[in-house]
K.L.:
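My questions will all concern the structure given below.
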Amino acid sequence: MLDIKLLREKADWVRERLATRHGGDDARVNEVLDLDERRRSALTEAEQLKAQRNSASKEIGALMGQKKIAEAEARKAEVRAIGDRITELDRLSAEAETQRDLIMAMIPNLPHASVALGRDAADNPEIRVHGAPREFAFKPLNHIELCERLRLIDFARGAKLSGSGFLLYTGWGARLERALINFLLDLHTHEHGYSEVAPPFIIGEHCMVGVGQFPKFRDQAYAVQEGLDASTLGKLYLLPTAEAPVANIHREELLAEAQLPIRYCAYSPCFRAEAGAAGVGTRGMIRVHQFDKVELIKVVSPETGYAELEAMVLNAEKVLQLLGLHYRVINLCTGDMGFASSKTYDIEVWAPGQGSFLEVSSCSNTEDFQARRMNLRYKTSAGENRFPHILNGSGTALARLFVALVETHQQADGSVAIPEPLRPYLKADCIPAGA
RNA sequence: GGAGAGGUGGCUGAGUGGUUUAAGGCGCACGCCUGGAAAGCGUGAGUGGGCUCAUACCCCACCGGGGGUUCGAAUCCCCCCCUCUCCGCCA
């Protein structure tokens with residue numbers, strides 16, 4: 001949510017900034033300003049009348065105390081008329097406010113000044129590259145072939161259980177997934193200073209609104225209902241990312257400045273309906289309805305927000321470095337950024353079997369956009385209440401990391417070598433070919 | 001799911017229709033006092049919104065949330081949420 005005061009005071013500038021991003025050019029700024037004006041004029045009049053009524057009621061109380069019943073009754077009749085007008089004005093201002101906030105909730109965040117202008121993914125500047133694609137002395141297999149040969153994933157039975165887009169990890173595959181989760185959590189908690197949290201996987205609608213998933217992307221979520229009781233539908237959702245519950249941990253709170261910075265990491269499965277994406281790259285494990293992810297969340301002061309973002313990207317990159325993977329970091333241009341973000345870095349890992357980069361992490365500073373939506377504030381030592389910056393980043397997504405790992409470290413004999421840092425977790429230095 | 005008890009400021013705890021601008025206490029900040037402290041005394045302190053150049057005044061709202069009754073609601077009525085105790089069910 002943008003600051004309504006910013007819209008009032010710098011409407012033209014806001015419109016300009018919004019126009020640089022995808023979906024930002026149809027933001028209904030004028031409508032918001034009009035509703036805001038209507039709200040305030042009704043509110044101001046209502047408040048004046050309420051002040052009148054309050055003092056009149058006090059007088060009536062005094063008259064009653066003095067047993068001047070007739071006089072009191074006369075005043076009552078007077079005030080009753082004011083009451084009707086107040087009811088009407090309250091209705092008008094509440095209506096305008098609801099409408100205003102409904103539209104405000106659909107307006108995306110403003111891009112940070114350092115973000116490159118652009119239309120889409122083709123305009124994303126590359127920030128840095130680590131390593132190089134591995135050269136193979138044999139013809140490398142893609143992850144689907146590898147998973148089938150090594151029985152890491154049973155694609156057919158996964159689909160049999162839940163439909164296409166759902167994976168059944170088996171044997172070494174299941175163990176590798178679990179090893180990766182533990183490896184990531186340990187790395188971020190022990191080496192990078194995050195505290196681990198384990199959130200609910202089913203979350204309230206307000207959490208989705210708080211991080212900006214709703215109302216815009218409601219059709220991308222799985223809604224749950226209790227049994228066949230349709231009246232419970234729409235209240236709870238399967239989380240699309242741990243960002244949704246974890247960023248909301250301190251919603252509606254007023255933190256002390258000394259509590260910042262807050263750094264959380266959390267493992268969770270992520271559920272995505274991927275509505276409209278059916279048939280696009282649905283084979284294998286690159287785009288699925290459920291995948292595991294370790295998420296990083298920070299709540300920090302605005303002064304440190306962007307330094308914390310840079311640090312977060314490095315924390316995510318460390319994962320790929322330790323696993324011996326080739327990757328690049330890109331900066332999403334204005335036209336390619338997500339709804340709630342002011343600045344986003346994506347990390348893409350090289351997958352030899354695909355011959356392409358796969359997005360395994362997206363690190364964003366949402367500035368005060370999410371904090372405002374969830375009413376999370378902190379009190380400065382000077383006593384001022386401010387909205388903190390809220391950052392989120394994948395550290396990292398698992399399914400695609402799994403793909404890059406097995407495709408990159410496959411051996412000529414059909415086995416998959418396990419990078420040294422991961423060995424203690426898998427309790428093995430390779431996934432054997434004959435498994 | 002059933003029965004009961006609760007939800008008031010940073011904490012505690014009064015308040016069942018009108019000097020309550022939410023008593024009192026604890027804690028907090030500042031000041032006085034003191035060689036310094038404690039005690040004591042005094043002052044101050046919440047959140048959001050409106051008006052505004054103003055973070056100055058003034059005004060409105062806020063006692064879990066939302067409706068209602070009333071000239072006036074923390075207080076009365078209705079619905080919902082949460083916490084606790086017991087029962088049922090259950091990993």
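By convention in this document, chain letters (A, B, ...) are assigned in the order of the sequence lines, proteins followed by strands, and residues within each chain are numbered from 1. It should be emphasised that the depicted structure is a prediction, and the values quoted were computed from it without experimental measurement.
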K.L.:
Just call it for A/A56: base, sugar-phosphate, or nothing, with non-hydrogen atoms closer than 4.0 Å on any strand.
P.N.:
nothing
K.L.:
Quick one: label A/K379 by what it contacts on the DNA or RNA (base, sugar-phosphate, nothing), any heavy atom closer than 4.0 Å.
P.N.:
sugar-phosphate
K.L.:
Considering every strand shown, what is the Watson-Crick or G-U wobble mate of B/G18 when both distances are under 3.5 Å?
P.N.:
B/C71
K.L.:
Whom does B/A23 pair with, Watson-Crick or G-U wobble, provided both distances fall under 3.5 Å?
P.N.:
none
K.L.:
When the P atoms of B/C30 and B/A14 are compared, how many Å lie between them, rounded to an integer?
P.N.:
32 Å
K.L.:
Taking the P atom in each of B/G31 and B/G25, what is the distance between them to the nearest angstrom?
P.N.:
23 Å
K.L.:
How far does the C1' atom of B/C28 sit from the matching atom of B/C11, given to the nearest Å?
P.N.:
11 Å
K.L.:
Name the pairing partner of B/A61, where a pair is Watson-Crick or G-U wobble with both distances under 3.5 Å, or state none.
P.N.:
B/U47
K.L.:
Tell me if the aromatic rings of A/Y306 and A/H112 count as close, with their centers under 6.0 Å from one another.
P.N.:
yes
K.L.:
Look at the rings of A/F201 and A/Y267 and say which category their plane angle falls in: under 30° parallel, 30 to 60° tilted, over 60° perpendicular.
P.N.:
perpendicular
K.L.:
Please say whether more than 12 non-hydrogen atoms of neighbouring residues, nucleotides or ligands are located less than 6.0 Å from NZ in A/K318.
P.N.:
no
K.L.:
Just one of A/K235, A/R251, A/R373 clears the side chain to side chain contact (heavy atoms under 4.5 Å, CB included) bar with A/H206, so which one?
P.N.:
A/R251
K.L.:
Measuring only the C1' atom in each nucleotide, how far is B/C59 from B/U75? A whole number of Å is fine.
P.N.:
25 Å
K.L.:
With both distances kept under 3.5 Å, what pairs with B/C30, Watson-Crick or G-U wobble?
P.N.:
B/G42
K.L.:
Tell me, please, the opening and closing nucleotides of RNA chain B, 5' to 3', among those with an atom under 4.0 angstrom from a non-hydrogen atom of chain A.
P.N.:
B/G18 to B/G72
K.L.:
Both A/K5 and A/A77 contact RNA chain B. Taking the nearest nucleotide for each, which residue is further toward the 5' end?
P.N.:
A/K5
K.L.:
Paired with B/G6 by Watson-Crick or G-U wobble geometry, both distances under 3.5 Å: which nucleotide is it?
P.N.:
B/C82
K.L.:
Please say whether more than 12 non-hydrogen atoms of neighbouring residues, nucleotides or ligands are located less than 6.0 Å from CD in A/E226.
P.N.:
no
K.L.:
With nearest nucleotides of RNA chain B determined for A/N375 and A/G83 from heavy-atom distances, which residue corresponds to the more 5′ nucleotide?
P.N.:
A/N375
K.L.:
Say we look at B/U16 and B/A74: how far apart would their C1' atoms be, to the nearest angstrom?
P.N.:
10 Å
K.L.:
Tell me what A/R100 touches on the nucleic acid: a base, only sugar-phosphate, or nothing, going by heavy atoms under 4.0 Å.
P.N.:
nothing
K.L.:
For the rings on A/F369 and A/F339, is their centre-to-centre separation under 6.0 Å?
P.N.:
yes
K.L.:
When the P atoms of B/G66 and B/A73 are considered, how many whole Å apart are they?
P.N.:
15 Å
K.L.:
Using the C1' atom in both, what is the distance from B/G46 to B/A22, to the nearest Å?
P.N.:
13 Å
K.L.:
With a 4.0 Å cut-off on heavy atoms, is A/I60 in touch with a base, just the backbone sugar-phosphate, or nothing at all?
P.N.:
base
K.L.:
What is the ring orientation for A/H250 with A/Y264, classed by angle as parallel under 30°, tilted 30 to 60°, or perpendicular over 60°?
P.N.:
parallel
K.L.:
Kindly state whether the ring of A/F214 and the ring of A/Y237 have centres lying under 6.0 angstrom apart.
P.N.:
yes
K.L.:
Go ahead and name the base partner of B/G1; Watson-Crick or wobble counts if both distances stay under 3.5 Å, otherwise write none.
P.N.:
B/C87
K.L.:
If I pick the C1' atom on B/U83 and the same atom on B/G65, what distance separates them, to the nearest angstrom?
P.N.:
15 Å
K.L.:
What nucleic acid atoms does A/R75 come within less than 4.0 Å of, heavy atoms only: base, sugar-phosphate, or nothing?
P.N.:
nothing
